[in-house]
J.: 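Below are the structure tokens for one structure; questions will follow.
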Amino acid sequence: MNMMQVMQSVVWAVLLWPCLVSLGVPLECKDEQGSIILCASISKEKLLDRVIQHAELIYRVSEESCTLFEEMFVPFPMRSQRNQAGYTCATKAFPIPGSKSEIQQISDKWLLHSVLILVQSWIEPLVYLQTTLDRYDDAPDTLLKKTKWVSEKLLSLEQGVVVLIRKMLDDDMLTTSYYEQGVAPYALQPEVLESVLRDYTLLSCFKKDAHKMETFLKLLKCRQTDKYSCFLH
């Protein structure tokens, strides 16, 4: 190993430290009898199925949360003006492959690392969203509970994806950086409408990325059986 390779290894270790620390508490799964087992101890096929189920639930609840917030706080005329006001998604773009040839060209490694980076990019913003929603006088408990649930399940999804990377890629040292950019920070004392639009943008952007997580994981599963027949509808 030359000096350049050594330096690259050191840089990856520093970048991945937050991710590796998060693995201190192993992800727990339930077997067919409902007993708690460690996800690292089950087959990669079963783990992938459980991670997909996790992602499906997160996306579904994110849709429900976004719709509930919209109905409660966003005036109808403002719903189409969100992007015009400059509130656009700030998370890293991972375009969904649009053709069969594109799907065949991407690798399992790209899919898994893309999901991991998307998951990690939303952990902190969702925690912060909980604090902003607590400031709403009439925020329904259902919305607060859904947001908290998604935030907690996202941590579990992160652990599951990391275990999948190790199982499917034999990759003990993850070759992806911890994503630090996140969503643009909120003002400390925003105006009411501004705060509502920013929170609405946050929920909408997370819903889009949650859909990408689910889509990439389902594509990964399809590729395990027949790489050349997979296509996203």
Side-chain angles (χ1 to χ4, degrees), residues 12 16 18-63 91-92 94-123 126 149-179 206-233:
W12 282 123
L16 289 169
C19 175
L20 298 177
V21 168
S22 70
L23 298 180
V25 180
L27 181 64
E28 293 182 341
C29 295
K30 290 185 178 181
D31 59 18
E32 289 78 2
Q33 288 73 41
S35 302
I36 297 295
I37 57 176
L38 298 183
C39 284
S41 66
I42 66 176
S43 68
K44 64 182 180 182
E45 292 80 13
K46 288 185 177 180
L47 179 57
L48 178 55
D49 286 340
R50 294 178 186 188
V51 167
I52 289 174
Q53 292 171 2
H54 222 65
E56 287 175 338
L57 284 172
I58 288 174
Y59 173 58
R60 188 175 71 190
V61 176
S62 72
E63 277 192 307
T91 49
K92 189 172 183 178
F94 287 96
I96 295 178
S99 67
K100 201 166 186 177
S101 61
E102 290 178 351
I103 291 173
Q104 293 171 1
Q105 291 172 9
I106 60 178
S107 65
D108 292 350
K109 182 176 183 177
W110 184 89
L111 288 169
L112 282 167
H113 286 181
S114 296
V115 172
L116 181 61
I117 292 174
L118 283 170
V119 170
Q120 291 176 336
S121 72
W122 279 103
I123 290 174
L126 286 184
W149 182 91
V150 169
S151 182
E152 293 173 348
K153 295 305 178 184
L154 204 62
L155 292 172
S156 296
L157 181 59
E158 178 194 24
Q159 294 179 11
V161 172
V162 169
V163 176
L164 265 179
I165 289 175
R166 289 177 173 173
K167 283 179 174 289
M168 298 185 71
L169 305 180
D170 294 324
D171 200 350
D172 288 331
M173 184 60 189
L174 304 180
T175 53
T176 182
S177 61
Y178 181 78
Y179 190 63
F206 175 69
K207 182 181 71 173
K208 291 180 181 179
D209 281 352
H211 181 249
K212 286 184 181 180
M213 297 173 203
E214 177 189 353
T215 300
F216 288 166
L217 288 168
K218 287 183 175 179
L219 177 56
L220 178 66
K221 179 177 174 60
C222 178
R223 288 163 58 93
Q224 305 311 300
T225 54
D226 189 351
K227 177 178 179 180
Y228 298 101
S229 68
C230 298
F231 191 74
L232 299 177
H233 300 284

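No experiment lies behind these values; they were computed from the predicted model shown.
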J.: Closest heavy-atom contact between I58 and A210?
T.: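 Nearest pair, atom of I58 first, then A210: CG2-CB, 4.4 Å.
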J.: Would a distance-only check, ignoring hydrogens and angles, find a side-chain to backbone donor-acceptor pair under 3.5 Å from K167 to L48?
T.: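 Not confirmed, K167 side chain does not pair with L48 backbone.
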J.: Which pair of non-hydrogen atoms, one from L154 and one from I123, has the smallest distance, and what is that distance?
T.: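 In this case the closest contact between L154 and I123 is CD2-N, 3.9 Å.
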J.: Is it the case that the side chain of Q224 and the backbone of L220 share a donor-acceptor pair, with hydrogens and angles ignored and the cut-off at 3.5 Å?
T.: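 Judged by distance alone, yes, a pair lies under 3.5 Å.
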J.: Check the pair M168, L111 against side-chain contact (heavy atoms from CB on, under 4.5 Å), reporting the backbone distance first and the verdict last.
T.: CA-CA 12 Å; M168 298 185 71; L111 288 169; over 6 Å; no
J.: So which of K218, K212, H211, M213 actually passes side chain to side chain contact (heavy atoms under 4.5 Å, CB included) with T215?
T.: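 Only match with T215 under side chain to side chain contact (heavy atoms under 4.5 Å, CB included): H211.
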J.: What do the steps show when you test V61 against K153 for side-chain contact (heavy atoms from CB on, under 4.5 Å), and what is the final call?
T.: CA-CA 11 Å; V61 176; K153 295 305 178 184; over 6 Å; no
J.: Test side-chain contact (heavy atoms from CB on, under 4.5 Å) on L217 and E56; report intermediate values, then the result.
T.: CA-CA 10 Å; L217 288 168; E56 287 175 338; over 6 Å; no
J.: Let's go through L116 and E158 carefully: what are the C-alpha distance in whole Å and the side-chain angles of both, what is the deciding distance for side-chain contact (heavy atoms from CB on, under 4.5 Å) to 0.1 Å, and is it a yes or a no?
T.: CA-CA 6 Å; L116 181 61; E158 178 194 24; 4.0 Å; yes
J.: To the nearest 0.5 Å, what is the distance between CG (L164) and CG (L157)?
T.: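 So the gap between those two atoms works out to 9.5 Å.
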J.: Minimum heavy-atom separation for H54 and S156, please, with both atom names.
T.: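 Looking at all heavy atoms of both residues, the shortest contact is NE2-CB, 3.4 Å.
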J.: Fit a plane to each ring of F206 and W122, take the angle between them on a 0 to 90° scale, and name the class: parallel (under 30°), tilted (30 to 60°) or perpendicular (over 60°).
T.: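 Aromatic pair F206/W122 classed perpendicular.
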J.: Roughly how far, to the nearest 0.5 Å, is the NZ atom of K208 from the OG atom of S62?
T.: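 Between S62 OG and K208 NZ, I get 12.0 Å after rounding to 0.5 Å.
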